[in-house]
Amino acid sequence: MKKFINDPQQFVPEMLKGIALANPDTLRYVPEYNLIHRADSPRPDKVTIIQGSGSGHEPAHVMTVGKGMLDGACPGDVFAAPPMDYVYATTKLLASPKGVLLLVNNYTGDRMAFDMAQEMSEADGVTVRTLFIDDDVSVKDSTYTVGRRGVAGNFFVMKAVGAAAEDGADLDELVRIGEKVNSVTRTMGIALTACTPPSKGSPLFDLADDEIEIGVGIHGEPGRERAKWSPANDLVEVLLDAIVPDLPFAPGDRVALMINGLGGTPISELYLLYGIAHEKLEARGITVGRNYVGEYCTSLDMAGASLTLVKLDDEIEALLAAPAEVAIRVF
Amino acid sequence: MKKFINDPQQFVPEMLKGIALANPDTLRYVPEYNLIHRADSPRPDKVTIIQGSGSGHEPAHVMTVGKGMLDGACPGDVFAAPPMDYVYATTKLLASPKGVLLLVNNYTGDRMAFDMAQEMSEADGVTVRTLFIDDDVSVKDSTYTVGRRGVAGNFFVMKAVGAAAEDGADLDELVRIGEKVNSVTRTMGIALTACTPPSKGSPLFDLADDEIEIGVGIHGEPGRERAKWSPANDLVEVLLDAIVPDLPFAPGDRVALMINGLGGTPISELYLLYGIAHEKLEARGITVGRNYVGEYCTSLDMAGASLTLVKLDDEIEALLAAPAEVAIRVF
Amino acid sequence: MSTSLDTTEFVVRSIAQTCVDNEKYFGDLDSVVGDGDFGYSLARGFEQVIAHWDEYDREDSGTFLLKIALVISSRIGGTSGPIWGTAFMRAGTALKGIDSVSGADVVAALRTSIEGIKKRGNSDVGDKTLLDALVPAIDALEASVLQGDSGGLSMQKLAAAARTAAEATSSLKALRGRASYSGDRSIGSPDAGAVAVAVLAEQLAEAWKS
Amino acid sequence: MSTSLDTTEFVVRSIAQTCVDNEKYFGDLDSVVGDGDFGYSLARGFEQVIAHWDEYDREDSGTFLLKIALVISSRIGGTSGPIWGTAFMRAGTALKGIDSVSGADVVAALRTSIEGIKKRGNSDVGDKTLLDALVPAIDALEASVLQGDSGGLSMQKLAAAARTAAEATSSLKALRGRASYSGDRSIGSPDAGAVAVAVLAEQLAEAWKS
Ligand SMILES: Nc1ncnc2c1ncn2[C@@H]1O[C@H](COP(=O)(O)OP(=O)(O)O)[C@@H](O)[C@H]1O
Ligand SMILES: Nc1ncnc2c1ncn2[C@@H]1O[C@H](COP(=O)(O)OP(=O)(O)O)[C@@H](O)[C@H]1O
Ligand SMILES: [Mg+2]
Ligand SMILES: [Mg+2]
Ligand SMILES: [Mg+2]
Ligand SMILES: [Mg+2]
């Protein structure tokens with residue numbers, strides 16, 4: 001394993017320290033709970049929004065804390081849901097009188113930690129609501145009883161509730177918006193290579209030189225099938241054939257299209273995929289109203305990409321278009 | 001080789017098409033010359049800024065075309081300077097009465113193509129000036145007669161002249177600013193893995209499982225030495241020991257610090273490097289006034305990173321802080 | 001078989017040390033169809049248990065276990081934090097106030113742990129989780145205690161049952177946790193949590209001898 | 001030896017086809033201490049030369065070469081575009097207006113190509129570039145022409161000299177182009193451009209026979 005790290009156990013804290021040092025005016029770091037939070041949070045006039053999940057998915061979620069997005073993120077270690085205490089302490093620390101909204105990607109460990117933290121915070125008098133995000137179409141609800149996974153589509157839920165909260169929406173309204181966005185968001189990903197968690201030091205699974213994993217999870221979980229590599233045109237078709245009928249997205253629909261890199265894929269390839277997906281959607285009569293190309297929810301150094309569609313209406317589009325300020329930026 | 005591509009020969013055009021489709025309001029694509037340009041360029045009241053270089057360094061430069069940055073970018077194929085005709089045609093197409101500024105990373109092929117294009121454009125009556133960027137300290141001027149390479153530091157030249165041009169600065173003023181920024185910018189990079197050009201289909205060079213290349217070029221050119229992997233703390237020290245004495249940067253200086261990913265390194269590791277570099281600079285008495293963490297100038301899928309320092313003064317800092325709008329964005 | 005605070009300490013210490021020693025092995029088990037962090041998560045939590053060993057309130061076995069549960073909840077992430085934290089919490093609650101703990105008390109406490117895990121994980125025997133090793137192991141322990149076996153013999157029966165049951169999870173399809181995403185591909189390898197239970201029980205039985 | 005338009009066409013066609021056929025080989029040579037795009041760049045340019053073969057103005061050899069130079073300049077990137085474009089441009093200019101080209105005309109034209117490359121590349125013999133094969137090869141051609149050798153024999157002498165000189169670049173340290181960044185590491189492998197010149201000359205000598 002060759003990575004820019006010192007000690008695998010310090011990988012997450014050292015990354016978090018870097019984020020804090022790079023954003024001294026806007027962010028605060030609480031090492032005890034792996035917590036990155038807005039310097040101006042909690043605010044009495046704004047619902048607090050917190051997201052947890054494991055590390056290794058950066059920029060999600062520690063680098064998307066900021067105005068118009070999250071108030072705080074308290075990740076666990078790489079690919080591990082945060083310990084319940086991190087969520088509990090974060091909720092207490094950032095609690096607003098308008099309440100706290102917890103955003104949770106739908107995984108067993110995350111659900112447990114956030115459920116327990118919600119119970120305990122409520123016992124302390126904090127008003128808490130939880131939103132589960134489950135946009136990954138590669139996992140069939142019927143066969144797998146854990147339910148769908150939350151993957152890159154969580155960006156849209158975060159962005160929409162973040163914008164609404166900034167405008168003063170109350171907790172019920174945020175839950176309504178978040179559930180609505182989640183209900184019209186669908187994602188599927190493809191891995192070209194496995195990722196290497198720092199503490200493991202070797203790739204998490206084996207993919208032969210000509211193999212890919214279709215429907216891969218962002219923790220390297222297997223997807224729908226292991227297949228032979230094929231050209232980008234075909235892979236985009238496979239993704240759209242899984243995603244479009246799932247909602248379904250229909251001719252005449254206006255969508256947001258996201259091509260999300262999984263960590264090891266260069267942005268050149270992501271734009272190539274974007275061009276193909278854009279044209280294939282137009283050919284299906286679906287209009288791309290907003291687009292997102294880059295890294296939003298990664299799996300460490302995995303080469304691969306996911307494609308997300310969100311069905312737009314005026315409300316969602318306005319929330320997505322609202323300004324936001326996060327650590328991830330160009331200038 | 002597993003990449004998201006169709007045909008290696010169509011890699012660059014298909015990527016460019018994706019960029020254009022993703023930015024219909026702001027960008028235009030001219031397939032004949034691999035040209036991405038601002039929809040509102042040329043403008044009579046603004047010097048036109050053009051950059052070329054090979055492809056494979058995205059977001060440089062096709063994704064940094066936009067308000068406050070480049071007017072156009074006409075890359076060659078992967079790692080190949082553009083054919084002279086691309087530069088000539090682009091210069092003619094985007095020529096402004098205020099003149100054209102060509103930004104060129106200092107490589108043999110690029111210099112030749114831009115020199116020839118400048119000659120030909122001037123013969124056609126266009127006012128053209130050229131700026132060569134050579135920020136890579138890993139190449140010693142004395143021993144290598146081609147001179148230093150232009151690498152990630154070119155972002156700062158682009159940003160500064162882009163901001164000044166937007167404010168109406170004339171060509172002489174832009175040349176002064178660009179030369180000044182280039183003269184206080186220093187970069188060095190480290191490769192953890194080699195990159196794989198699509199048309200080659202295999203890694204460009206061999207690095208053993210425990211080897212790294214210190215001072216690597218953005219086309220995979222060798223650097224100062226091949227070394228054993230060592231922890232991030234040590235690698236940052238190696239980079240600073242090469243960069244800081246080179247200008248030199250001195251205690252009391254205020255700098256911009258950039259940690260640039262080379263394509264295959266996750267942003268988590270880049271922030272980890274940032275935190276280390278920030279603290280080591282402070283320990284040397286150097287203040288980080290602005291910071292940049294992410295991918296600015298890559299080498300396809302190479303795992304690795306470069307560190308850039310720019311010595312700030314009021315003029316440079318104001319130009320770097322000015323707003324800009326490019327294809328690479330989060331929202 | 002009767003259990004005092006000393007014995008509780010001995011058991012917890014053995015579990016903690018075994019988790020730290022097997023970090024890599026447990027992680028590798030979890031990377032077959034999981035995400036490879038199981039060993040890391042347990043090790044980070046139990047190394048804290050050991051680091052602060054002398055600081056815990058030792059009023060009685062139950063109180064001690066509740067303190068351990070707190071450390072686990074605050075340091076272990078993933079699915080394992082809530083699952084193991086709940087198990088220790090329930091056992092602690094069950095044993096709190098009991099000075100001299102009987103074999104039957106232990107069995108009863110572990111039964112409440114199992115119920116806690118099932119509730120927390122929305123899971124049951126057969127779902128291919130650590131429950132598939134833990135439940136048969138406690139069944140064996142209960143039978144042994146009822147029979148009046150010595151502590152050492154009870155431990156050996158517990159370990160043997162855990163090992164057999166853990167191996168048997170290979171033929172199951174995962175219905176809970178991250179491994180469930182693998183669907184049929186999860187068949188053919190044992191569950192990481194179940195094997196960990198077997199290893200912990202075997203180490204305990206071994207240590208009990210000396 | 002005297003050269004007409006037919007012969008010029010034959011030479012250019014052979015060069016173009018050889019560059020297309022050797023795309024991978026030339027690329028691999030460039031990836032030893034370069035960036036691996038040399039074969040790709042030449043192939044993309046010369047396949048255009050072939051694709052539009054019937055369209056070029058064929059007034060005389062010089063005019064024809066100038067058209068080829070234009071295609072090269074517009075399609076080949078990297079260092080090779082300007083270098084090869086300049087070489088064809090200079091040769092075309094030298095031969096323009098000459099209907100029946102003599103061997104001496106050819107040598108003179110190639111000398112101006114070499115001067116053009118040196119000027120464009122700010123380089124000279126000994127810098128470990130294609131000049132290190134090209135210059136000795138043209139020297140050999142000139143000697144052969146002066147001796148009154150047949151065209152076939154001249155070609156063979158040209159090819160032999162190019163090959164020997166190309167191999168000899170292995171011992172040189174690169175002072176120009178991307179390979180120069182490798183410093184001492186460039187010693188031990190031949191220059192990609194020089195080897196390409198040898199391959200082109202050998203193919204030409206071979207084709208001349210038939
Ligand atoms: N719902 C559940 N109920 C009980 N145990 C579970 C459940 N899900 C997973 N487990 C156990 O947890 C182990 C994995 O733990 P861990 O690696 O911490 O989880 P993850 O990384 O999936 O969050 C599995 O091997 C299994 O024994
Ligand atoms: N300054 C120069 N003058 C003449 N020839 C050169 C010069 N630099 C490089 N070359 C030749 O060009 C070849 C490499 O061409 P190419 O791969 O297109 O260049 P690059 O990728 O470095 O821009 C070298 O093998 C060498 O023969
Ligand atoms: Mg996990
Ligand atoms: Mg090149
Ligand atoms: Mg796990
Ligand atoms: Mg090259």
Side-chain angles (χ1 to χ4, degrees), chain B residues 8-9 32-34 52-56 75-86 88-89 107-117 136 138-140 143-149 194-205 215-224 226 299, chain D residues 23-45 47-48 69-86 89 116-117 119-124 127-129 173-186 193:
Chain B
Q9 291 192 31
E32 250 179 300
Y33 310 117
N34 277 358
S53 103
S55 292
D77 219 293
V78 171
F79 294 172
M84 182 269 290
D85 266 28
Y86 291 14
Y88 175 48
Y107 297 94
T108 307
D110 298 78
R111 288 192 78 119
M112 288 179 183
F114 280 84
D115 277 347
M116 291 165 82
D136 188 354
S138 72
V139 174
K140 292 245 174 41
T143 9
Y144 303 96
T145 43
V146 187
R148 289 187 158 175
R149 303 179 287 222
C195 56
T196 297
S199 65
K200 181 163 162 60
S202 58
L204 199 47
F205 53 97
V216 72
I218 54 170
H219 310 86
E221 305 99 325
R224 292 198 167 182
R226 194 154 287 195
S299 187
Chain D
E23 174 175 348
K24 192 172 161 4
Y25 176 52
F26 291 173
D28 288 347
L29 288 170
D30 185 40
S31 64
V32 179
V33 288
D35 60 351
D37 61 344
F38 176 60
Y40 184 91
S41 292
L42 290 185
R44 292 298 79 72
E47 87 194 355
Q48 286 301 313
L70 266 183
V71 178
I72 290 174
S73 297
S74 66
R75 302 297 304 215
I76 304 186
T79 301
S80 296
I83 291 283
W84 293 59
T86 299
M89 185 92 60
I117 294 174
K119 182 153 177 279
R120 178 66 58 209
N122 184 29
S123 49
D124 210 333
D127 288 349
K128 190 166 187 158
T129 70
K173 175 167 158 177
L175 296 178
R176 285 292 179 278
R178 207 176 297 281
S180 66
Y181 303 126
S182 307
D184 290 337
R185 289 198 235 173
S186 67

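Given the structure is predicted, the values throughout are model-derived calculations rather than measurements. Any value given below was found using the heavy atoms of this structure, including those in side chains, with hydrogens, waters and symmetry copies removed. Here is how names work: the chains are called A, B, and so on, in the same order as the sequence lines, proteins then strands, and each is numbered from 1.
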Exercise. With only heavy atoms counted, which part of Y86(B) is less than 4.5 Å from chain D, the side chain, the backbone, both or neither?
Worked result: side chain

Exercise. Are the side chains of Y107(B) and Y181(D) in touch, meaning some heavy atoms are under 4.5 Å apart?
Worked result: yes

Exercise. So what's closer than 4.5 Å to chain D heavy atoms on Q9(B): side chain, backbone, both or neither?
Worked result: both

Exercise. For S74(D), is it the side chain, the backbone, both, or neither that has a heavy atom closer than 4.5 Å to a heavy atom of chain B?
Worked result: both

For this session: Could you tell me whether the side chain of T79(D) reaches within less than 4.5 Å of the side chain of M112(B), counting heavy atoms only?
Result: yes

Problem set entry | Which portion of T86(D) sits near chain B, non-hydrogen atoms under 4.5 angstrom | side chain

Exercise. Can we say D28(D) and K200(B) salt-bridge, meaning some charged N sits less than 4.0 Å from an Asp/Glu carboxylate O?
Worked result: yes

Problem set entry | Shortest non-hydrogen contact between P82(D) and G109(B), atoms and distance | CG-O, 4.4 Å

Problem set entry | Gap separating the CG atom of D35(D) from the CZ atom of F79(B), nearest 0.5 angstrom | 7.0 Å

Exercise. Taking the side chain as C-beta and beyond, is there a heavy-atom pair between R176(D) and T108(B) under 4.5 Å?
Worked result: no

Problem set entry | Straight-line distance of M84(B) CE to I76(D) CD1, nearest 0.5 Å | 12.0 Å

For this session: Verify side chain to side chain contact (heavy atoms under 4.5 Å, CB included) between R111(B) and N122(D), making sure each step is shown before the conclusion.
Result: CA-CA 11 Å; R111(B) 288 192 78 119; N122(D) 184 29; over 6 Å; no

Exercise. Picking from G177(D), G27(D), A179(D), which has the most non-hydrogen pairs under 4.5 angstrom with chain B?
Worked result: G177(D)

Seminar exercise, completed: Checked E23(D), K24(D), R44(D) vs chain B; the most non-hydrogen pairs under 4.5 Å come from R44(D)

For this session: Side chain from CB out, backbone as N, CA, C, O: work out which of these in R224(B) comes under 4.5 Å of a heavy atom of chain D, or both, or neither.
Result: backbone

Seminar exercise, completed: Here the pair of heavy atoms bringing P83(B) nearest to S73(D) is CB-O, 3.4 Å

For this session: Counting only heavy atoms closer than 4.5 Å, note whether R120(D) contacts chain B via side chain, backbone, both or neither.
Result: both

For this session: Starting at CZ of R149(B), measure out to CZ of R178(D) and round the result to the nearest 0.5 Å.
Result: 9.0 Å

